[in-house]
*Asks:* 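To start, I am sharing the structure in question, which I have written as structure tokens.
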Protein chains: 2
Amino acid sequence: MPPILPMSTAYHHGDLRAAALQMGMERIENQDHPDLGLRALARDLGVSATALYRHFPNKDALLDALALEALGRLGANQAKAARDAGGGRNGFIEVGITYVTWAVENPALFRLIYTRVEKVDFDCDPTEMGEAFNQLRAGIAASMPEGMSAEQRNVAALHAWSLVHGLAMLILDGQVEYDPEMVRKTVVMTDFRPA
Amino acid sequence: MPPILPMSTAYHHGDLRAAALQMGMERIENQDHPDLGLRALARDLGVSATALYRHFPNKDALLDALALEALGRLGANQAKAARDAGGGRNGFIEVGITYVTWAVENPALFRLIYTRVEKVDFDCDPTEMGEAFNQLRAGIAASMPEGMSAEQRNVAALHAWSLVHGLAMLILDGQVEYDPEMVRKTVVMTDFRPA
DNA sequence: CGAACTATGATAACAGTGTCAACATTGCAT
DNA sequence: ATGCAATGTTGACACTGTTATCATAGTTCG
């Protein structure tokens, strides 16, 4: 039976898993790319590299856990934006801008999410990750205009997601310089009026 | 003075630089991610790992060269699509679909381009890379509808690029399954009619 | 309370990587 | 022919992720 409360000694760390995730998160937050080394991380934690293997089967699993945390933050951010902005055209615009802004402010976390997500089936619990992504999708879908067929709404949601995702990526990759005005203009240009 | 024609011996390879680029390209083409190892590549070339350092200052430079080649292919593909499809709304649709399709068919090359491009200032010739990107942009811009102000055309081009780039990325990252019909519908939904 | 068990840590080692310094071989030019 | 520059090789260093083995401490139970 696992202990309810963590133990803390000079030898035993206390709650290494949580500490590793927190420090990993801090390290990634202050980067542009999610470059995380197991040994380097362990060093900063004052612990041997192999100690982490008691809490994660391998490096990928650790990164997956961090990606899940990052995705949770992004999803919550989007959900809040969708709530604040309401639905309809205006809602979509604000939600879209929020997506790009979060990506610009958290480049490495944003990258981590989409770098890790394709390997989810192997290392991480696909249910959790799927749920987190459903929440993200829900935030976007909630901002779609009404008076559309279900299929049209789906296509519109994919269109919207693609637009802001691509814009964020192009900014992060240095292809277009970040300019809030430009972002707004680009998102505003989207119009879901039926042809 | 460097020799005009390559030499070829058991000891001297002949044209290692070209061979490395070609084999690197082949290796990446058959992958989903541009994972390239210097030593592994050298092994397959039947040459010692350090021999590559006579032709590239480091691994990043090699990857940059490959990225430049990949970008050239993508740019040519887009230019041809723009030429074939003509301008206007229909042109944009076809050019956009071409972009996504190329990305799906060359996932690792597509990734390589945007993974490497931000480090261009350091290792690779920024002019070449910039030129190749300008060509790509030109292909997209050529498909923008006329009768817009210059600024509107710029915004529209960014909008279009973001849309197809994001759609391609989401497909490559396994977030939406590739379906040509869905891609077409998503791109077609774009409408640049002035509000 | 003491002994066994489990959870968690540390060390040593292996294979792999990118990279550098030193040395070897070849072709070209004077 | 000799010397130089281009090119390739070997050996080493520091680093990485990972595993096997051993050490320590907290928990549980007779």
Side-chain angles (χ1 to χ4, degrees), chain A residues 1-24 27-28 31 33-67 108 112 115-116 119 122-124, chain B residues 1-24 27-28 31 33-67 108 112 115-116 119 122-124:
Chain A
M1 224 176 289
I4 308 296
L5 287 181
M7 47 193 174
S8 181
T9 322
Y11 194 88
H12 286 311
H13 179 280
D15 194 351
L16 182 55
R17 181 186 164 92
L21 289 179
Q22 182 178 342
M23 170 141 285
R27 289 200 130 221
I28 292 182
Q31 285 180 347
H33 288 272
D35 295 335
L36 198 58
L38 255 189
R39 292 179 111 109
L41 180 65
R43 219 173 299 140
D44 281 14
L45 285 165
V47 91
S48 86
T50 54
L52 295 171
Y53 282 82
R54 300 293 156 177
H55 304 272
F56 306 93
N58 49 35
K59 182 185 177 181
D60 276 354
L62 203 171
L63 289 176
D64 284 344
L66 291 173
L112 182 66
T115 305
R116 282 283 129 194
K119 302 180 181 173
F122 299 99
D123 303 312
C124 166
Chain B
M1 221 176 290
I4 308 296
L5 287 179
M7 47 193 174
S8 179
T9 321
Y11 194 89
H12 285 311
H13 179 279
D15 193 351
L16 183 55
R17 181 186 163 93
L21 289 180
Q22 182 179 342
M23 168 142 285
R27 289 201 130 220
I28 292 182
Q31 285 181 349
H33 287 272
D35 294 335
L36 199 57
L38 255 190
R39 293 178 110 109
L41 179 65
R43 219 173 299 139
D44 281 15
L45 285 167
V47 91
S48 85
T50 54
L52 295 170
Y53 282 81
R54 300 296 154 176
H55 304 272
F56 306 93
N58 50 35
K59 180 184 178 181
D60 276 355
L62 203 171
L63 289 175
D64 283 345
L66 290 173
L112 182 66
T115 305
R116 282 284 128 192
K119 303 179 181 173
F122 300 99
D123 303 313
C124 167

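Chain letters run A, B, ... following the sequence lines, proteins first, then strands; residues in each count from 1. If you're wondering where the values come from, they're calculated on a predicted model, not measured in any experiment.
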*Asks:* Just the rounded figure in Å: distance from C1' of D:dT16 to CG of A:L63.
*Replies:* 14 Å
*Asks:* Between C:dC23 atom C1' and B:Y53 atom OH, what is the distance in whole Å?
*Replies:*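 Distance, rounded to whole Å: 18 Å.
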*Asks:* Produce a footprint string for nucleotides 11-17 of chain C: one letter per nucleotide, 5' end first; B if the base is under 4.0 Å from any protein heavy atom, S if only the sugar-phosphate is, - if neither.
*Replies:* BBB---B
*Asks:* May I have the distance from B:L41 (atom CG) to D:dG8 (atom P), rounded to whole angstrom?
*Replies:* 13 Å
*Asks:* Search all heavy atoms of B:Y53 against all heavy atoms of B:N58 and return the closest pair with its distance.
*Replies:* CE2-CA, 4.0 Å
*Asks:* Tell me: NE2 of B:H55 to C1' of D:dA5, nearest whole Å?
*Replies:* 13 Å
*Asks:* Tell me, please, which residues at least two apart from A:R39 pass side-chain contact (heavy atoms from CB on, under 4.5 Å).
*Replies:* A:R43, A:A49
*Asks:* The side chain of B:R54 lies closest to which of these nucleotides: D:dT21, D:dT9, C:dG18?
*Replies:*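 Nearest listed nucleotide: D:dT9.
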*Asks:* Would you please name every residue forming a side-chain contact (heavy atoms from CB on, under 4.5 Å) with B:A18, sequence neighbours left out?
*Replies:* B:D15
*Asks:* Measure from CZ on A:F56 to P on C:dG9 and round the result to the nearest Å.
*Replies:*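 The answer, rounded to whole Å, is 11 Å.
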*Asks:* Starting at CG of A:L52 and ending at C1' of C:dA7, how long is that distance when rounded to a whole Å?
*Replies:* 15 Å
*Asks:* Could you tell me whether the side chain of B:L62 reaches within less than 4.5 Å of the side chain of B:L41, counting heavy atoms only?
*Replies:*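 Touching, per the 4.5 Å side-chain cut-off.
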*Asks:* Going by the rule side-chain contact (heavy atoms from CB on, under 4.5 Å), which residues pair with A:T50 if we only count those two or more places apart in sequence or in a different chain?
*Replies:*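 Scan of A:T50 (side-chain contact (heavy atoms from CB on, under 4.5 Å), adjacent residues dropped) gives A:S48.
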*Asks:* Just how far, in rounded Å, is P of C:dT19 from CG of B:L62?
*Replies:* 10 Å
*Asks:* According to side chain to side chain donor-acceptor pair (under 3.5 Å), who are the partners of B:Q31, at least two apart in sequence or on a separate chain?
*Replies:* none
*Asks:* Quickly work out the B:L16 CG to D:dA6 P distance and round it to whole Å.
*Replies:* 16 Å
